[in-house]
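Here's the structure we're looking at; comments come further down.
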Amino acid sequence: MNFTRRLIVAAAAAASALAASAGLSTAALAATPAAPAQPSVVIVHGAFADGSDWAKVIPLLQREGVRVTAVQNPLSSLADDVAAARRAIDAQPGKVVLVGHSWGGTVITEAGNADKVASLVYVAAFAPAAGQNTAQQGEGYPAPSGLAFLRPDAQGWLSLTPEGMRDHFAQDLPASTTAVMAATQGPIQAKAFEQPVGANPAWKTKPSWYLLATSDHMIAPEAQAAMAQRAGAKVTKVASSHVPQQSQPEAVAKVILDAVRQSR
């Protein structure tokens, strides 16, 4: 056998061995179970805000490799906001940690029944029981001072006055910031607060976390504590206004990341 022929035979043998090895490696990889994907985070904002309310928290989550989607609620009714949340949930590739602030807590209590939702995070939020509406969550507690600064228009949309935003909604933020918040707020239909959740609040079947704002002027801290206890939520307290996602974003991100890590 001449030299050229020996090279051809040797190359063919090497190629055959390589193909066999690759086949074994592929089979071995296929037999190895894939690691479970990290849940995405879907955030539902509250009244008098929009998705940008979470602009300080989102980068902290993304830095940890978490996929985040902030819902833009129409704030026209509970059903409309639940539909917006469910569209965002459906768009995620896998499991979801569903986060709600304030009015958004009522929304996630209903929308969180979606199969993709692994857990819930309430941030200074309402968490109604079966058949209850948002307004009922304050019954039996002192009226929060911020409620005196709500103003309806002729069509029943509620807004918060600049004074209410500055002194009661976000009193731990600079006045220059609250002035912008007042100008860009999302009004909510007053009737939404009277619309009840269904018979199966999501917190009954999904693990939940609750970040309680102890200096909240919009939802009484005592009411927050009662709702969190009823939901069996893991509670974290923070000395903040109604918007800890703006005044203490690191604390909020920490709670959400805890839920993500425990919901794989």
Side-chain angles (χ1 to χ4, degrees), residues 38-47 53-54 57 60-61 66 68 71 78 81-82 85 89 95-141 144 193 196-216 218-264:
Q38 178 171 254
S40 303
V41 169
V42 172
I43 302 175
V44 180
H45 66 79
D53 194 36
W54 291 85
V57 173
L60 302 179
L61 302 178
V66 177
V68 186
V71 178
L78 177 58
D81 284 6
V82 168
I89 293 165
K95 291 294 184 180
V96 170
V97 172
L98 188 58
V99 181
H101 170 245
S102 191
W103 157 254
T106 299
V107 178
I108 71 170
T109 296
E110 184 73 14
N113 285 310
D115 290 341
K116 279 188 174 182
V117 175
S119 57
L120 310 165
V121 178
Y122 292 87
V123 178
F126 296 107
Q132 288 188 333
N133 63 38
T134 302
Q136 289 174 297
Q137 305 314 296
E139 292 177 355
Y141 301 98
F193 292 132
V197 299
N200 298 300
W203 50 257
K204 272 199 167 184
T205 56
K206 310 285 175 82
S208 59
W209 281 251
Y210 198 107
L211 190 140
L212 193 161
T214 61
S215 298
D216 198 323
M218 302 302 297
I219 304 177
E222 299 91 340
Q224 293 183 42
M227 288 185 285
Q229 182 179 27
R230 180 174 62 194
K234 180 179 179 180
V235 177
T236 299
K237 294 183 179 181
V238 60
S240 81
S241 68
H242 188 55
V243 286
Q245 66 271 26
Q246 293 218 37
S247 62
Q248 299 196 42
E250 294 84 2
V252 177
K254 183 177 179 181
V255 172
I256 297 172
L257 288 170
D258 185 39
V260 168
R261 289 163 184 153
Q262 296 193 45
S263 301
R264 291 176 182 243

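In this chain, residues are counted from 1 in sequence order.
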Checklist entry - Does the side chain of Val121 come within less than 4.5 Å of Leu98's, by heavy atoms? => result no
Item to check | pair His242-Ser102: side-chain heavy atoms closer than 4.5 Å | outcome: yes
Item to check | Heavy-atom donor-acceptor pair, Asp216 side chain to Ala124 backbone, under 3.5 Å | outcome: no
Next on the checklist: Would Leu212 and Thr236 count as a side chain to side chain contact (heavy atoms under 4.5 Å, CB included) here? Give the steps.
Outcome noted: CA-CA 6 Å; Leu212 193 161; Thr236 299; over 6 Å; no
Checklist entry - Nearest heavy-atom pair of Pro207 and Ala118: which atoms, and what distance? => result CD-O, 3.4 Å
Checklist entry - So, does Gln248 use its side chain to make a donor-acceptor pair with the main chain of Ala239 at under 3.5 Å? => result yes
Checklist entry - If every non-hydrogen atom of Val238 is compared with every non-hydrogen atom of Ala251, which pair is closest and at what distance? => result CG2-CB, 4.4 Å
Next on the checklist: Strictly distance-based, threshold 3.5 Å: is any side-chain N or O of Gln224 a donor or acceptor partner for the main-chain N or O of Ile219?
Outcome noted: yes
Next on the checklist: With rounding to the nearest 0.5 angstrom, report the CD to OH distance, Glu222 to Tyr141.
Outcome noted: 8.0 Å
Checklist entry - Can you tell me how far the CH2 atom of Trp103 sits from the CE atom of Met218, to the nearest 0.5 Å? => result 14.0 Å
Item to check | Heavy atoms of other groups near Lys116 NZ, more than 12 under 6.0 Å | outcome: yes
Item to check | Which atom of Ser119 lies closest to which atom of Ser263, heavy atoms considered | outcome: OG-OG, 2.8 Å
Item to check | Donor-acceptor under 3.5 Å (Lys254 side chain, Pro249 main chain) | outcome: no
Item to check | Intermediate values then yes/no, side chain to side chain contact (heavy atoms under 4.5 Å, CB included), Ile89 and Val117 | outcome: CA-CA 8 Å; Ile89 293 165; Val117 175; 3.8 Å; yes
Item to check | side chain to side chain contact (heavy atoms under 4.5 Å, CB included), paired with Val44, selected from Ile108, Val99, Asp81 | outcome: Ile108
Next on the checklist: Restricting to non-hydrogen atoms, name the atom on Val235 and the atom on Ala228 that form the minimum distance, rounded to 0.1 Å.
Outcome noted: CG2-CB, 3.7 Å
Checklist entry - Is any side-chain heavy atom of His101 less than 4.5 Å from a side-chain heavy atom of Val252? => result no
Checklist entry - Rounded to the nearest 0.5 Å, what separation is found between the OG1 atom of Thr106 and the CG atom of Asn133? => result 8.5 Å
Checklist entry - Once you round to the nearest 0.5 Å, how far does CG of Leu60 lie from CD of Glu250? => result 6.0 Å
Next on the checklist: Contact between Val41 and Trp54 at the side-chain level, heavy atoms closer than 4.5 Å - yes or no?
Outcome noted: no
Next on the checklist: Please find the pair of heavy atoms, one from Pro39 and one from Val97, that lie closest to each other, and give the distance.
Outcome noted: CB-CG2, 4.1 Å
Checklist entry - CD of Gln229: more than 12 outside heavy atoms within 6.0 angstrom? => result no
Item to check | Which residues share a salt bridge (charged side-chain N to carboxylate O under 4.0 Å, His left out) with Lys206, sequence neighbours left out | outcome: none
Next on the checklist: For a quick test of reading the model, state the closest non-hydrogen atom pair linking Trp203 to Ser208 and the distance between them.
Outcome noted: CB-OG, 4.4 Å
Checklist entry - Rounded to the nearest 0.5 Å, how far does CG of Leu211 lie from NZ of Lys234? => result 12.0 Å
Checklist entry - To the nearest 0.5 Å, how far apart are NZ in Lys204 and CZ in Arg230? => result 10.0 Å
Next on the checklist: Side chains of Tyr122 and Thr109, heavy atoms from C-beta outward: is any pair under 4.5 Å?
Outcome noted: yes
